[in-house]
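The block underneath contains the structure these notes are about, expressed in structure tokens.
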Amino acid sequence: MAAVQEGSRASMRRQTSVPLEGSMSDTLPSINFGFDDLRDRMAKFTVKFDNFIEQGRKRVLEERNQFRMNVAELHEDERMRRKDIEIVQIKTTTHQHTVDREEAEKREMESAIASLASQRDQHLQQRDNLKAQIAETQIEIENRLNAQREHQKHQDAQSRFNVPELDFWMSTLCLRIDGAGRDDRLKFTFTHIDEKNWEREAWFELVTSSRDYDVKHCRPKLEREAVERVLDRVNESRELVVLLKGMRQLFVEAMKS
């Protein structure tokens, strides 16, 4: 358009400079629209525009492809994050189960330790009690041994002085003295008690572990009260013959009844 205007101005200048003489055709302005230049410029513009469109299309395709790639990467990242979250959740659940199991095992161990500590305390107490009982038992054993030694001394002294008398009463009372299977017991056996059977025996066991005499077993069986009365006389007099006579008399009465 600028070229057309420029051509019009040049024609008007020529018209003003042409003399008035001549034909009318000569006086007409020479119009040059510049179509060639315009066509060339339009062709160049078309080429530029086509290049611009092509570059725009390429840029849009590239951007769209890049966008798709970015979206795919985002989807992949999201999938990976979800997978990571699932793995973390699984690890968290496993860790929680492990913690719960360890807590349960810890409580069981603490309970077992408390139980063992209680048993240990009980065993220590029992040990102390047993030590005290052992000490008391040792003292009691020592006292009994001392008493038995004293009694044995008394028995030995009495036997030394009364051997002839004991022999006399063994012969007179038809008596036999044996051991009763224990160190602190003697068995006295009588015969000629039953008038129907002179060989029938009657016996009793005498306990000599303490200062006072005691009768534990006898055959035939006697009333305990009667035996206690005999023992009272014996322990008061400290004479063995009183025991022998008294027990023989009880056996005679028992067999008669």
Does [X] reach the side chain of [Y], with side-chain heavy atoms less than 4.5 Å apart?
| X | Y | value |
| --- | --- | --- |
| Phe188 | Val215 | no |
| Glu223 | Val227 | no |
| Trp203 | Cys218 | no |
| Arg176 | Phe190 | no |
| Arg248 | Leu244 | no |
| His192 | Arg200 | no |

Q: Compute whether any side-chain donor of one residue and acceptor of the other, for Asp100 and Gln96, lie under 3.5 angstrom apart.
A: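 Yes, because at least one side-chain N or O of Asp100 sits under 3.5 Å from a partner of the opposite role on Gln96.
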
Q. Do we see a donor-acceptor contact under 3.5 Å between the side chains of Asn129 and Gln125?
A. yes

Taking only Lys NZ, Arg NE, NH1 and NH2, and the carboxylate oxygens of Asp or Glu, determine whether [X] and [Y] approach each other closer than 4.0 Å.
| X | Y | result |
| --- | --- | --- |
| Glu110 | Arg107 | no |
| Arg82 | Glu86 | no |
| Glu205 | Arg185 | yes |
| Asp50 | Lys44 | no |
| Lys106 | Glu102 | no |
| Glu78 | Arg81 | no |
| Arg233 | Glu239 | no |

So, taking the atom named [atom1] in [X] and the one named [atom2] in [Y], what distance separates them when rounded to the nearest 0.5 Å?
| X | Y | atom1 | atom2 | result |
| --- | --- | --- | --- | --- |
| Lys91 | Asp84 | NZ | CG | 9.0 Å |
| Leu206 | Ile177 | CG | CD1 | 9.5 Å |
| Asp178 | Leu186 | CG | CG | 9.0 Å |

Q: Over all heavy atoms of both residues, which pair between Arg238 and Asn235 is shortest? Give the atoms and the distance, please.
A: CD-O, 3.1 Å

Q | Stepwise side chain to side chain donor-acceptor pair (under 3.5 Å) test for Asn70 and Gln66 | A | CA-CA 6 Å; Asn70 293 336; Gln66 186 64 36; 3.2 Å; yes

